[in-house]
Structure formats: structure tokens, C-alpha cells
Amino acid sequence: MAAAPALALAGVGVDRADVPVVRDVTLDVAPGAVTVVLGANGAGKTTLMDGIAGLARPTTGSIRLDGAPIERLPPFKRARAGLGYVEQARTAFRTLTVEQNLLVARSGSGDLGTVYRLFPELERRRHLHAGHLSGGEQQMAVLGRALVSDPKVVLIDEMSLGLAPKVVHRLMGTVAELAAMGIAVLLIEQFANLALEIGSRAYVLRKGRVVHSGPCAELRGAEDRLHELYFGGRLADAAARLAREAPGREASRGASAEPPEAGSRTP
Ligand SMILES: Nc1ncnc2c1ncn2[C@@H]1O[C@H](COP(=O)(O)OP(=O)(O)OP(=O)(O)O)[C@@H](O)[C@H]1O
């Protein structure tokens with residue numbers, strides 16, 4: 001029998017400025033695995049994460065963390081209940097040292113040792129102001145801040161923004177390691193193929209609704225399928241339409257229905 005989900009959403013809706021953005025989302029996040037949320041820009045992925053973390057208020061549905069309802073709790077109580085959140089474009093406190101950044105994020109008996117084991121470069125720089133870290137190290141510090149309180153579930157929203165491919169691979173390896181440690185990870189990642197490499201189950205959002213869920217393996221390298229799921233139309237049709245509307249541009253690119261490169265922002 002499959003393990004009970006660490007995080008379970010049923011029929012969740014989330015508004016932004018009174019406009020429904022996320023609608024009727026039902027998904028499970030298994031312990032010890034990476035669950036991936038994919039979708040085009042504006043599909044509602046960040047809004048969904050904010051709804052889970054309590055930064056945006058869910059208007060419908062239930063959110064259970066280890067079986068207990070959390071949808072009415074304020075963000076700090078969700079965090080205390082075991083939810084870590086790595087927000088998109090969040091930075092470490094630049095004027096605090098690396099260690100101070102971790103200590104202020106810690107609640108209870110959380111252990112800095114795990115963070116330093118995952119990121120030895122942070123331990124080496126623990127007395128340095130975070131403002132002096134490289135972009136990749138800053139992101140490690142942000143991830144570290146979400147880990148110091150021993151979360152059961154970690155939400156990670158596009159931590160690869162603006163980072164070099166080598167650093168992104170390194171961070172993805174760490175995310176896989178978190179899952180191996182038993183943590184349930186819900187991951188949004190612009191590089192779909194990288195996320196699908198380390199993920200077990202994938203959900204695709206379109207216009208705030210889940211339009212697909214299934215094993216990540218099904219979607220690995222399947223650019224056409226992903227395009228269809230993201231936009232609701234076939235990639236070949238989109239390319240043909242583009243060629244009709246701007247024939248000169250297509251001709252100069254010398255391509256018609258060429259799929260985008262693996263790892264591009266849209267599939
Ligand atoms: N604070 C806000 N107020 C009003 N509308 C918002 C707000 N934040 C997001 N939206 C709108 O909600 C929709 C979904 O945005 P969201 O950021 O959740 O999508 P996303 O899938 O995470 O996209 P991206 O990949 O660009 O981050 C968009 O149309 C966006 O303009």
C-alpha cells in the first residue's frame with residue numbers, strides 16, 4: 001500500500017485580488033519523493049504554493065499536512081506544523097551572516113548540521129555576510145533556511161532563476177537528496193526536464209486547473225505532449241500557425257515544427 005500523503009489538497013481554490021486564479025486543485029505530495037508542478041507562465045503555480053503556505057488565502061477546499069487540516073492556519077503556524085517554503089526570488093538577509101540567516105529561521109530544535117552537510121560551502125562561509133555570497137550560495141542559504149526547522153514538506157518555487165546550469169544541477173541533486181531523507185518535496189521548476197528527472201509524480205496546471213497528473217517518467221523528453229498540456233494545442237499546429245502568420249521570420253530561422261531545446265522555459 002502506498003504511504004499516506006504528507007500533504008494532500010482536495011478541491012483547493014485560491015484567489016488573487018478577488019480573482020479566482022487556482023481552481024479545484026486536488027493533489028497529493030508523497031513523503032520521501034519529489035512531486036512536480038508544471039505549467040506555462042501565469043498558469044497559477046506560484047499562487048497555488050502561496051495558498052498552501054498561507055500567503056494567499058484558499059477560498060475553497062482542504063489542505064492537510066500529515067492528515068491535519070491547515071487551510072485556516074496563518075503562515076507561521078503552517079510553518080510550525082512542518083511546512084517549509086522556498087519562495088520564488090527570495091534572497092537571504094544580506095546584512096546577516098550565513099549562520100545568523102539560518103539561526104533566525106530556525107524554530108525549536110532544528111539542526112544546522114544537516115544544512116551544513118548538504119551545503120559544505122555554507123559552513124565554510126558561515127561567518128560571512130550573505131550579501132557577499134554568489135547567487136548559487138545565496139539560493140543554498142535560502143533553501144537552508146527552509147530546512148533548519150526539520151520540515152515534513154518543502155515547497156520549492158523556481159529556485160533556479162538566474163543561476164548557471166552547473167549550479168542548477170547541483171541544487172537539483174540536493175532536492176533529490178531531501179526526498180531521500182524522507183522529506184516530501186513539491187517542486188515548481190522552469191526547466192521542466194530537470195524537474196522530471198528527479199520527480200516521481202507530475203501535475204500540470206493550465207489556467208489554474210490540473211489538466212494532467214501522472215508519473216514523471218511519462219513526460220520526460222515528451223516536448224510535444226508537454227506543449228499540448230501547457231497550452232491545450234499541438235506544438236506542430238502552433239509552429240504551422242506561426243509560419244503562416246510570420247513566414248519570413250520562420251524561414252529565416254530555417255525551422256517549422258522544431259521542438260524547443262530540452263530545459264527551455266516552456267516545453
Ligand atoms: N498579487 C497578485 N494580484 C493579482 N493578480 C496576480 C497576483 N499574483 C499573480 N497574479 C495573477 O495570477 C495569475 C497566475 O500567476 P502565478 O504567478 O501564480 O502563475 P505562475 O504559473 O507561477 O507563473 P510564473 O511561471 O510566471 O511564475 C497570473 O495571471 C498573474 O497575473
Side-chain angles (χ1 to χ4, degrees), residues 7 9-27 29 34-61 63 70-71 74-75 78 83-91 135 138-139 142-143 146 153-163 165 167-168 171-172 175 185-199 201-214 216 219 222-223 225-233 235 238 259-267:
L7 181 73
L9 275 61
V12 169
V14 188
D15 288 5
R16 290 282 200 198
D18 292 329
V19 176
V21 170
V22 167
R23 283 171 254 200
D24 197 24
V25 167
T26 294
L27 66 76
V29 184
V34 178
T35 300
V36 177
V37 177
L38 299 174
N41 292 109
K45 304 179 298 295
T46 298
T47 303
L48 176 66
M49 293 293 214
D50 282 357
I52 298 170
L55 304 184
R57 181 176 280 272
T59 49
T60 62
I63 304 174
I70 60 164
E71 68 274 358
R78 297 188 199 200
L83 191 68
Y85 187 16
V86 179
E87 290 173 66
Q88 190 181 120
R90 174 49 66 94
T91 53
Q138 290 239 6
Q139 191 59 68
V142 172
L143 192 51
V153 177
V154 178
L155 315 173
I156 302 176
D157 188 356
E158 297 206 354
M159 63 178 182
S160 66
L161 282 180
L163 298 179
V167 179
V168 175
L171 289 170
M172 285 295 148
V175 172
V185 180
L186 186 61
L187 178 70
I188 298 177
E189 176 48 53
Q190 58 176 328
F191 298 116
N193 282 329
L194 284 184
L196 291 168
E197 280 294 316
I198 60 165
R201 193 165 186 81
Y203 292 82
V204 181
L205 283 189
R206 186 165 76 234
K207 295 182 183 167
R209 292 181 190 276
V210 174
V211 293
H212 170 87
S213 71
C216 286
L219 296 177
E223 265 82 15
R225 175 82 179 121
L226 275 176
H227 187 280
E228 201 177 304
L229 291 169
Y230 279 26
F231 303 109
L235 181 59
E261 280 175 43
S264 61
R265 183 164 174 83
T266 50

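Counting starts at 1 for both ligands and their atoms, following the listed order. Counting from 1, the numbers follow the sequence of the chain as shown.
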* Quick one: does ligand 1 sit under 4.0 Å from the side chain of Gln88, the backbone, both or neither, non-hydrogen atoms only? ->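 The part of Gln88 near ligand 1 is the side chain, not the backbone.
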* Asked: Does ligand 1 have a heavy atom under 4.0 Å from the side chain of Val21, from its backbone, from both, or from neither?
  ->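 For Val21, only side-chain atoms sit under 4.0 Å from ligand 1.
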* Any N or O on Ala43 sitting closer than 3.5 Å to an N or O of ligand 1? ->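 N/O-N/O distance under 3.5 Å: yes.
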* Asked: Against heavy atoms of Thr46, which atoms of ligand 1 measure under 4.0 Å?
  ->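 Counting from 1, the qualifying ligand atoms are 17 (O), 18 (O), 20 (P), 22 (O), 27 (O).
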* Asked: Can you list the atoms of ligand 1 that are under 4.0 Å from a heavy atom of Ala40?
  ->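 Counting from 1, the qualifying ligand atoms are 21 (O).
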Working to the nearest 0.5 angstrom, can you tell me the gap between [X] [atom1] and [Y] [atom2]?
X      : Y      : atom1 : atom2 : value
Tyr230 : Asn41  : OH    : CG    : 9.5 Å
Leu9   : Leu48  : CG    : CG    : 6.0 Å
Thr60  : Asp24  : OG1   : CG    : 7.0 Å
Met172 : Ile198 : CE    : CD1   : 5.0 Å
Leu83  : Arg78  : CG    : CZ    : 8.0 Å
Glu87  : Asp50  : CD    : CG    : 6.5 Å

* Side-chain contact, heavy-atom cut-off 4.5 Å: Leu171 with Gln139? ->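 When only atoms from C-beta onward are counted, Gln139 and Leu171 do touch, with a gap below 4.5 Å.
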So which of [options] gets nearest to [atom], if we judge by its closest heavy atom?
atom                    : options                    : value
atom 24 (P) of ligand 1 : Pro20, Ala17, Gly51, Gly42 : Gly42
atom 3 (N) of ligand 1  : Gln190, Arg16, Glu158      : Arg16
atom 26 (O) of ligand 1 : Leu161, Asn41, Leu205      : Asn41

* **Heavy-atom gap Ala56 to ligand 1 smaller than 4.0 Å** =>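 Under 4.0 Å: no for Ala56.
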* Is the closest heavy-atom distance from Gly39 to ligand 1 below 4.0 Å? ->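 Distance cut 4.0 Å: Gly39 fails for ligand 1.
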